[in-house]
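This is a predicted model, so every value here is computed, not measured. Every chain is numbered from 1 and lettered A, B, ... according to where its sequence line falls, protein lines coming before strand lines. Values reported hereafter were calculated over all heavy atoms of this structure, with side chains retained and with hydrogens, waters and symmetry mates removed.
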There are 2 protein chains.
Amino acid sequence: MKEELCECTVIHKETVEKVKSNMLSDELIFDVAELFKIFGDSTRMKILCALKMSELCVCDIAYITNSTQSAISHQLRILKQSKLIRSRKEGKVVYYSLADDHVEKIFEIGCEHIEEI
Amino acid sequence: MKEELCECTVIHKETVEKVKSNMLSDELIFDVAELFKIFGDSTRMKILCALKMSELCVCDIAYITNSTQSAISHQLRILKQSKLIRSRKEGKVVYYSLADDHVEKIFEIGCEHIEEI
DNA sequence: TTAATATATGAACAATTATTCATATGAAGG
DNA sequence: CCTTCATATGAATAATTGTTCATATATTAA
């Protein structure tokens, strides 16, 4: 990220070296941050909240979330690319649903945290 | 969010009304999205990852995360405002640590999800 | 084939945000 | 008091991103 380090003295050498050597890889941290980024948008959270209850088509989701078909379609694409939802086509209609229980779990742990504050 | 609704026919009236009436409040969804937004940045995730192991001062964190003092200081402020970390001052040095177990839990569930994909 | 409907998508725009740079604050020691 | 060091912060910049608008694709029905 930076080639030049902070000019501060590293104050706690032992602790710092121990922590540094036990840090998760940049790749993993990046991927996890990207995952949470997906959850970090109200529109997408509304979509997930709705899909938690039922499989729904694009048009249903747009209505439920008070959003436009286009905006929802864009967000559904992002959610699908992130493998948080999956889709099923039936004629003209595309039905979306949550990809797995993990998604629900992350959603709920977020709610819990907010409610406990 | 929008005053004008999607022009699509709502295809599944019953399901849609049921889901709509059981949606979490916009406020809660907004707050949860804001929470995940905080986790949705690599620098902040690195900070949390480091603090998960030990209480650390700004300078330590900057070194561990290969970032600058200023960048870290800005991000620490955001994390603190979100009540994900807390601080303790000792002379010139400010020590930061995770605010509670929930933070750790959210962090870990994110990692689990990534590792399982 | 043509019209209608559900969904997808590209480009443009506006808004948000992370980092950098310069500088301010605040505490400790001389 | 003055200097040094750790941290904080304001402004500017660059990059990312969500929505909108217009339009394309694809499927069904007439």
Side-chain angles (χ1 to χ4, degrees), chain A residues 1-12 16 29-30 33-34 36-48 55-82 85-96, chain B residues 1-12 16 29-30 33-34 36-48 55-82 85-96:
Chain A
M1 220 147 242
K2 281 307 306 319
E3 56 295 273
E4 211 188 306
L5 284 183
C6 166
E7 71 287 346
C8 299
T9 312
V10 176
I11 300 178
H12 313 86
V16 159
I29 287 190
F30 179 82
E34 289 301 301
F36 283 127
K37 205 173 279 180
I38 304 295
F39 286 89
D41 175 82
S42 293
T43 303
R44 286 191 292 266
M45 284 300 273
K46 282 184 193 173
I47 293 174
L48 295 177
E55 175 185 70
L56 294 164
C57 72
V58 179
C59 167
D60 292 341
I61 299 171
Y63 172 75
I64 291 166
T65 59
N66 286 312
S67 192
T68 62
Q69 179 270 316
S70 181
I72 293 302
S73 200
H74 279 295
Q75 296 305 331
L76 286 170
R77 192 159 69 88
I78 292 171
L79 286 165
K80 190 163 181 210
Q81 282 175 341
S82 310
I85 62 175
R86 51 201 162 78
S87 64
R88 173 175 78 78
K89 202 168 184 178
E90 205 171 278
K92 281 180 293 195
V93 182
V94 181
Y95 293 94
Y96 286 91
Chain B
M1 223 147 242
K2 283 304 312 316
E3 55 296 274
E4 211 189 305
L5 285 183
C6 167
E7 70 289 345
C8 299
T9 312
V10 176
I11 300 179
H12 312 87
V16 160
I29 288 188
F30 179 83
E34 288 302 302
F36 283 126
K37 205 173 281 181
I38 304 295
F39 286 90
D41 175 83
S42 293
T43 303
R44 285 192 292 267
M45 284 299 275
K46 282 184 194 173
I47 294 174
L48 295 177
E55 176 185 71
L56 294 165
C57 71
V58 178
C59 165
D60 291 342
I61 300 172
Y63 172 75
I64 290 166
T65 59
N66 285 313
S67 192
T68 62
Q69 179 270 320
S70 180
I72 292 304
S73 200
H74 280 293
Q75 295 306 331
L76 285 170
R77 192 159 69 90
I78 292 172
L79 287 165
K80 192 166 181 205
Q81 282 174 342
S82 310
I85 63 175
R86 52 202 161 76
S87 64
R88 174 175 77 78
K89 200 168 185 176
E90 207 171 276
K92 282 180 291 192
V93 182
V94 180
Y95 293 93
Y96 286 91

Item to complete: Mind calculating the distance between NZ (A/K37) and C1' (D/dT16) to the nearest angstrom?
Response: 8 Å
Item to complete: Starting at atom CZ of B/R77, determine the distance to atom C1' of C/dT19, rounded to an integer number of angstrom.
Response: 14 Å
Fill in: Separation of C/dT17 P from B/E34 CD (nearest whole Å)
7 Å
Item to complete: Ignoring the backbone of A/Q75, work out which of D/dG18, C/dA18, D/dA8 is nearest its side chain.
Response: D/dG18
Worksheet item: What's the closest nucleotide to the A/T43 side chain, out of C/dA8, D/dT19, D/dA8?
Response: D/dT19
Fill in: Comparing A/I78 and A/E90 on DNA chain D - which has the more 5′ nearest nucleotide
A/I78
Response to the item:
Winner on side-chain proximity to B/K89, out of C/dT7, D/dT7, C/dG26, is C/dG26
Worksheet item: What integer distance in Å separates B/I72:CD1 from C/dT19:P?
Response: 8 Å
Worksheet, complete the sentence: Here the distance between atom P of D/dT19 and atom NZ of A/K46, to the nearest Å, is 9 Å
Fill in: A/I47 CD1 to C/dA8 C1', straight-line distance once rounded to whole Å
14 Å
Worksheet item: Nearest to the side chain of B/K92, which nucleotide is it out of D/dT27, D/dC5, D/dA8?
Response: D/dC5
Item to complete: For the residue pair A/F36 and B/F36, categorise the inter-ring angle as parallel (less than 30°), tilted (30 to 60°) or perpendicular (more than 60°).
Response: parallel
Discussion item. What I'd like to find out is whether the side chain of A/Y96 reaches to under 4.5 Å of the side chain of A/L56, using heavy atoms alone.
Written reply: no
Discussion item. With rounding to the nearest 0.5 angstrom, report the NZ to CZ distance, A/K37 to B/F39.
Written reply: 14.5 Å
Item to complete: For residues B/H12 and A/Y95, establish whether the separation of their ring centroids is below 6.0 Å.
Response: yes
Response to the item:
Side-chain atoms of B/Q69 come closest, of D/dT7, C/dT7, C/dT19, to D/dT7
Worksheet entry | Donor-acceptor pair (no angle test) under 3.5 Å: A/S70 side chain, C/dT9 base | yes
Worksheet, complete the sentence: Separation between OG (B/S67) and CD1 (B/I47), nearest 0.5 Å, reads 7.5 Å
Worksheet item: For the side chain of B/H74 and the base of D/dT7, is some donor closer than 3.5 Å to an acceptor across the two?
Response: no
Worksheet, complete the sentence: From CE of B/M45 across to C1' of C/dA18 the rounded distance in Å is 16 Å
Worksheet item: Reckon B/Y96 has a side-chain N or O less than 4.0 Å from the OP1 or OP2 of D/dA6?
Response: no
Response to the item:
Of the listed D/dA8, D/dT19, D/dG18, the closest approach to the A/R44 side chain comes from D/dG18
Worksheet item: Under 4.0 Å: is that the gap between some side-chain N or O of A/T68 and OP1 or OP2 of D/dT20?
Response: yes
Worksheet, complete the sentence: Separation of C/dA8 atom P from A/I85 atom CD1, nearest Å, is 9 Å
Worksheet item: Within the pair A/Y63 and C/dA6, is there a side-chain N or O less than 4.0 Å away from OP1 or OP2?
Response: no
